[in-house]
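We name chains A, B, ... by the order of the sequence lines, and we start the count at 1 in each one. The structure presented is a predicted model; accordingly, all values stated were derived computationally and were not measured. Values below: every heavy atom of this structure, side chains too, minus hydrogens, waters and symmetry copies.
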Amino acid sequence: MRMATWNVNSIRARVDRVTDYLIREDIDVLCMQEIKCREHQFPFDAFTAVGYEVVMHGLNQWNGVAIASRLPMTDVERDFPSMPGFGEPDADGVSPLEARAIGATVDGVRFYSLYIPNGRELDHPHYTYKLEWLRGLARDTAGWLAGSPELPLALTGDWNVAPFDRDVWDVAEFAGSTHISPLEREAFFAFEALGLRDVVRPLVPEGYTYWDYKQLRFPRNEGMRIDFIMGSPAFASLVEGARIDRDERKGDGPSDHVPVVVDLAVDSEFGDEYDRPMIFG
DNA sequence: ATGGCGAGTGGTACTCGA
């Protein structure tokens with residue numbers, strides 16, 4: 001099985017690039033973030049035309065996550081139990097939930113497509129929200145793994161955290177900014193304390209996954225490494241290859257993020273017909 | 001060439017992003 005995670009920055013603006021990529025790169029499961037649409041706006045037909053089912057979670061023009069798969073998906077879950085909301089509270093004092101998490105199981109592997117809040121500024125309520133969001137996810141992940149220690153689980157997506165100084169082109173540029181602060185890094189590394197690990201970094205030690213559209217960031221290779229596939233021990237043991245598809249930042253109409261890909265040694269329970277679907281008739 | 005931001009929206013001015 002080959003899976004990827006990709007912050008697509010609007011699926012409607014990027015649908016041709018995404019479906020072309022799925023076919024060209026032989027991707028079985030794609031976790032997408034920032035789809036930026038509601039369900040009635042999602043281009044499902046473009047995915048079904050090339051042999052993929054899609055499950056999605058989108059409430060408005062912001063955020064939004066989805067999973068496309070050419071193998072059957074089960075146990076689809078939006079949000080997670082400890083996920084906090086953000087913004088104007090309702091009459092009961094509860095802030096509304098945002099569309100930032102969706103999970104599905106494919107061939108016995110549990111995938112989550114996650115769009116961690118940005119944080120905006122260190123003194124902004126969004127920063128507190130980001131930390132509570134990550135801590136809530138860690139709490140629920142601990143519960144999932146306590147119940148199923150052998151579960152192949154991958155928390156994938158745009159983490160909006162640069163765990164190491166080398167994950168930004170110039171750490172001095174980020175002094176006093178989000179993404180590199182000790183509390184964000186602590187919230188990120190808490191997942192390693194639960195036994196999860198970044199399954200890509202050992203195989204791809206160098207490279208960014210995001211370059212801002214502004215200020216020639218890509219031509220100058222001034223980027224950030226903030227998109228990760230964090231795997232449970234059982235998931236990590238399945239990984240047999242990884243890459244960051246930097247070329248997807250090139251050409252006309254790219255996302256500002258690129259796909260992060262892993263190959264998994266999963267024996268499909270669905271048989272050979274799913275290995276090369278007859279997508280062109 | 002990888003080239004100076006781009007996506008969304010009761011829009012032509014604003015929010016959001018990292």
Side-chain angles (χ1 to χ4, degrees), chain A residues 5-18 21 32-43 56-66 85-88 95-100 113-131 133-134 157-185 187-188 206-228 244-260:
Chain A
T5 183
W6 192 2
N7 179 323
V8 297
N9 185 15
S10 171
I11 190 56
R12 287 177 289 172
R14 218 79 61 207
V15 60
D16 290 343
R17 271 191 83 124
V18 172
Y21 176 79
M32 289 173 271
Q33 301 87 38
E34 278 207 272
I35 61 171
K36 290 185 168 177
C37 68
R38 303 172 194 227
E39 184 160 17
H40 73 276
Q41 300 169 310
F42 192 97
M56 62 86 72
H57 183 27
L59 299 172
N60 51 42
Q61 70 270 41
W62 307 119
N63 317 307
V65 286
F86 182 74
E88 200 57 40
S95 292
L97 299 181
E98 299 184 311
R100 295 179 176 274
S113 179
L114 303 168
Y115 180 43
I116 281 73
N118 169 290
R120 299 185 189 168
E121 308 292 340
L122 296 181
D123 58 357
H124 195 284
H126 211 260
Y127 178 75
T128 307
Y129 170 51
K130 177 181 194 172
L131 295 175
W133 204 98
L134 283 167
D158 177 356
W159 288 74
N160 270 321
V161 178
F164 301 98
D165 286 354
R166 66 179 180 277
D167 295 332
V168 297
W169 78 93
D170 179 4
V171 73
E173 287 268 335
F174 286 82
S177 299
T178 59
H179 294 66
I180 66 160
S181 73
L183 287 177
E184 287 165 274
R185 287 174 168 176
F188 179 85
E206 300 297 324
Y208 302 131
T209 64
Y210 162 87
W211 298 261
D212 200 299
Y213 289 120
K214 293 182 285 188
Q215 297 176 272
L216 293 172
R217 291 300 187 208
F218 186 57
R220 298 180 194 273
N221 196 30
E222 295 175 344
M224 305 173 73
R225 185 167 176 142
I226 52 176
D227 299 270
F228 301 108
I244 297 171
D245 272 328
R246 189 178 186 281
D247 285 353
E248 282 304 312
R249 186 64 176 78
K250 302 177 182 178
D252 292 331
S255 171
D256 42 3
H257 296 251
V258 295
V260 178

Which value, in whole Å, describes the distance between the [atom1] atoms of nucleotides [N] and [M]?
N	M	atom1	result
B/dG4	B/dG8	C1'	22 Å
B/dT15	B/dG10	P	15 Å
B/dC5	B/dA18	C1'	13 Å
B/dG11	B/dA7	C1'	13 Å

Rounded to the Å, how far apart are [X] [atom1] and [N] [atom2]?
X	N	atom1	atom2	value
A/Ile11	B/dA7	CD1	C1'	13 Å
A/Glu222	B/dT2	CD	C1'	13 Å
A/Arg17	B/dG6	CZ	P	13 Å

Quick one: list whatever passes ring pair (Phe, Tyr, Trp, His ring centres under 6.0 Å) with [X], sequence neighbours left out.
X	value
A/Phe42	A/Phe44, A/Phe47
A/His257	A/Tyr210
A/Tyr115	none
A/His126	A/Phe86, A/Tyr129

Regarding A/Arg225, tell me which of base, sugar-phosphate or nothing describes its non-hydrogen contacts under 4.0 Å with the strands shown.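 Result for A/Arg225 = nothing.
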I want to confirm an ordering. Mapping A/Arg249 and A/Ala13 to their closest nucleotides on DNA chain B, which one lands closer to the 5' end?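 The residue whose closest nucleotide sits nearer the 5' end is A/Arg249.
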Which nucleotides of nucleotides 9-18 of chain B have their base under 4.0 Å from a protein heavy atom (B), which only their sugar-phosphate (S), and which neither (-), written as one string 5' to 3'? S-----BSSB
Decide, for B/dG11, between syn and anti: a glycosidic angle within 90° of 0 counts as syn, anything else as anti.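 With its glycosidic angle more than 90° from zero, B/dG11 counts as anti.
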Below 4.0 angstrom, N of the basic side chain to O of the carboxylate: do A/Asp165 and A/Arg185 qualify?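 Between A/Arg185 and A/Asp165 there is a salt bridge, with a charged N closer than 4.0 Å to a carboxylate O.
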Sequence-distant partners of A/Gln41, side chain to side chain contact (heavy atoms under 4.5 Å, CB included), two or more places apart: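 In terms of side chain to side chain contact (heavy atoms under 4.5 Å, CB included), with neighbours along the sequence ignored, A/Gln41 is linked to A/Arg12, A/Cys37, A/Arg38.
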